[in-house]
Amino acid sequence: MQFEFHYEMNEIDAYQFACHHNFNSPNAKWAMLKMRLAVALGLYLPGVLLPNLFPEEFPRAWFFGVLAVVGAIFFPQFYRLINKMVIKAQGKADRRLFHQGAFTYSFAEDSFTFLSPTTTAQNAYSALERVDIGKEAVYLYINSTSANILPKRCFADSAEQERFVAFIRGKIEQSKTVSA
C-alpha cells in the first residue's frame, strides 16, 4: 500500500473546497476573465458611445478609461467576497451538502479505495481528472465540479504531501497515456 489516510470530515472542509473550487477551477478563472472584460466594457463604452451626454471640456476618454480599469480590478474582488458569504450561508443552512464522519482513503499501485460511514468505493486512477493543492487541502477531482477532499492535516508533513501529489499526478498521467 502506497498511502493511507484516516480523518474526520467537517463542514469547514466542505466550505474550503467550495471556496477553492469557485475561485480556482478552470471554469471559475474563465468566468472571472469574462466578468473583468464585461465590467471594463460596460464602464468604458457609455463615455465613448454617448458623447452628447457630457460637456466638451469633460475628459470622457480619460475618466471612463480609469473607471473601466478600476471597475475591472475591484468588481470581481467584490464578487468573490459576496460569493464566499453565500457559500458560507448555504453550508450553514443545509448540512446535507457534504458527507460528515470518519473517512479512510487507501492508495495502492493500481487503484484507490474510499471508505466512509455510508459508502465504500474502489476506483481506478483513470477516474481522476486532476489534482489541485489548496490552502488547507489536496483535492482529487473526479470531474469538473466534484472532488475528493484530503485535508492537509492528514499528511505527516509537507514532504509526505509532495510525495503523495507527485504519486497521484503520475498515476493520472499514466492512465491518460494508457487510454490514449
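Just so you know, these numbers come straight off a predicted model, no measurement behind them.
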Any residue meeting side-chain hydrogen bond (donor to acceptor under 3.5 Å, both in side chains) with Tyr141, in chain and number order, not counting sequence neighbours:
His21

Of all heavy-atom pairs linking Ala102 and Pro117, the shortest is O-CD, 3.2 Å

Derivation of the ring-ring contact (aromatic ring centres under 6.0 Å, His included) call for Phe3 and Phe167:
CA-CA 10 Å; Phe3 295 93; Phe167 172 78; 5.5 Å; yes

Return all side-chain donor-acceptor pairs below 3.5 angstrom for residues 155-164, not counting sequence neighbours, or 'none' if the list is empty.
residue : atom : partner : partner atom : Å
Asp157  : OD1  : Ala159  : N            : 3.3
Asp157  : OD1  : Glu160  : N            : 2.8
Glu160  : OE1  : Ala156  : N            : 2.5

With sequence neighbours left out, write down each residue that passes side-chain hydrogen bond (donor to acceptor under 3.5 Å, both in side chains) with Tyr105, or none if nothing qualifies.
Asn148

Taking salt bridge (Lys or Arg N to Asp or Glu O under 4.0 Å) as the definition, give me every residue that meets it alongside Arg153, ordered by chain and number, with sequence neighbours left out.
Asp13

Closest approach of Tyr139 and Ala147, non-hydrogen atoms and distance?
CB-CB, 4.1 Å

Gln122 meets the side-chain hydrogen bond (donor to acceptor under 3.5 Å, both in side chains) criterion, sequence neighbours left out, with Ser111

Under the ring-ring contact (aromatic ring centres under 6.0 Å, His included) test, which residues partner Tyr7, sequence neighbours left out?
Phe103

Applying side-chain hydrogen bond (donor to acceptor under 3.5 Å, both in side chains), name anything that partners Thr113, two or more places apart in sequence or on another chain.
none

Does anything in residues 120-129 pair up under salt bridge (Lys or Arg N to Asp or Glu O under 4.0 Å), and if so which pairs, sequence neighbours excluded?
none

Backbone of Gly134 reached by a side-chain donor or acceptor of Lys152 within 3.5 Å:
yes

